[in-house]
Amino acid sequence: MAYWSSELKEEEFERARRGISIKSFSKGNYLCHVGDRLDQWTGVASGIAVIGMVSAKGKATSLIGVPQGGWFGEGTVLKGEPRRYDVILLRDSEIAFMNRPTFLWLFENSVAFNRHLVRMLNERLAYFIALAEYHRLLDATGRLARNIAWLFNPVLSPRIGLHIEITQEEIAMLTGVSRQVANKSLQSLEAEGLLNVGHGSITVLDLQKLSRYGE
DNA sequence: TCATTAAATTGTT
DNA sequence: AACAATTTAATGA
């Protein structure tokens, strides 16, 4: 899957490049909290970010993981609203920010950019529908398998390849299960030959089967 | 480069 | 949630 910026025309690409700045953050830092005014389109150049929120009772919930190559926050930028979710970094990361004027200019002028946005939004919609669906239908291993599969989604995170640096604890947080359950689930997925579990990393062997696990 | 130690991560109860 | 085992990273000779 081609990276979105590579599909832009020369002039559009230049404009995009000038409107993007990159900053480094360390593990555990928040990129933004609910209610912040961060009106920049946000991309993960390296590392992993997690979008989630904290309930009134203080319980943290992860909604979606954004690994290297993924972008988010377009809804906030388009609508000019405060952020509705927390974004926390799972590890040291480099984050790209595209300022709002640049984003809006591309939105108005670039066909390729819009195509990418639609594709991305469509994919994310599919993700949340799938999330609601398999939350009811699948056991912990199934949910974990599909969460991992979505992490490697070629549309949402085109840069990622088949290997990711992520601990079992982090996957557990993403999936919404305990670390113990995540550990067992990963072991059975590995036994079935769908992925390899390394120390602090995962290598996917069969993305197709992983994304259909439990059907 | 190797050995030692500390820290992080995993596997199990 | 706690513990032991394992792996990686850091340090210094």
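Chain letters run A, B, ... following the sequence lines, proteins first, then strands; residues in each count from 1. All values derive from a computational prediction rather than experimental measurement.
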K.L.:
Please determine if E14(A) and R17(A) form a salt bridge, counting it only when a charged side-chain N lies under 4.0 Å from a carboxylate O.
P.N.:
yes
K.L.:
Side-chain donor-acceptor contacts of residues 187-198 of chain A below 3.5 Å, not counting sequence neighbours, with atom names and distances?
P.N.:
from, atom 1, to, atom 2, distance (Å)
Q187(A), NE2, N183(A), OD1, 3.0
S188(A), OG, K184(A), O, 3.2
S188(A), OG, S185(A), O, 2.9
E190(A), OE2, V197(A), N, 3.1
E192(A), OE2, Y213(A), OH, 2.9

K.L.:
Aromatic rings F107(A) and F103(A): how do their planes relate, parallel, tilted or perpendicular, breaks at 30° and 60°?
P.N.:
parallel
K.L.:
Give every pair of a protein N or O atom and an N or O atom of nucleotides 7-11 of chain B that lie under 3.5 Å apart, one pair per line with the distance.
P.N.:
from, atom 1, to, atom 2, distance (Å)
dT10(B), OP1, Q168(A), N, 3.4
dT10(B), OP1, G200(A), N, 3.2
dT10(B), OP2, Q168(A), N, 2.9
dG11(B), OP2, Q168(A), OE1, 3.3
dG11(B), OP2, Q168(A), NE2, 2.8
dG11(B), OP2, N183(A), ND2, 2.3
dG11(B), N7, R179(A), NH1, 3.4
dG11(B), O6, R179(A), NH2, 2.8

K.L.:
Cut-off 3.5 Å, no hydrogens considered: what does the side-chain donor-acceptor table look like for residues 71-80 of chain A, sequence neighbours left out?
P.N.:
from, atom 1, to, atom 2, distance (Å)
W71(A), NE1, Y3(A), OH, 2.8
E74(A), OE1, W41(A), NE1, 3.2
E74(A), OE2, R124(A), NH1, 2.6

K.L.:
Is it true that atom NE2 of H163(A) has more than 12 heavy atoms of other residues, nucleotides or ligands lying nearer than 6.0 Å?
P.N.:
yes
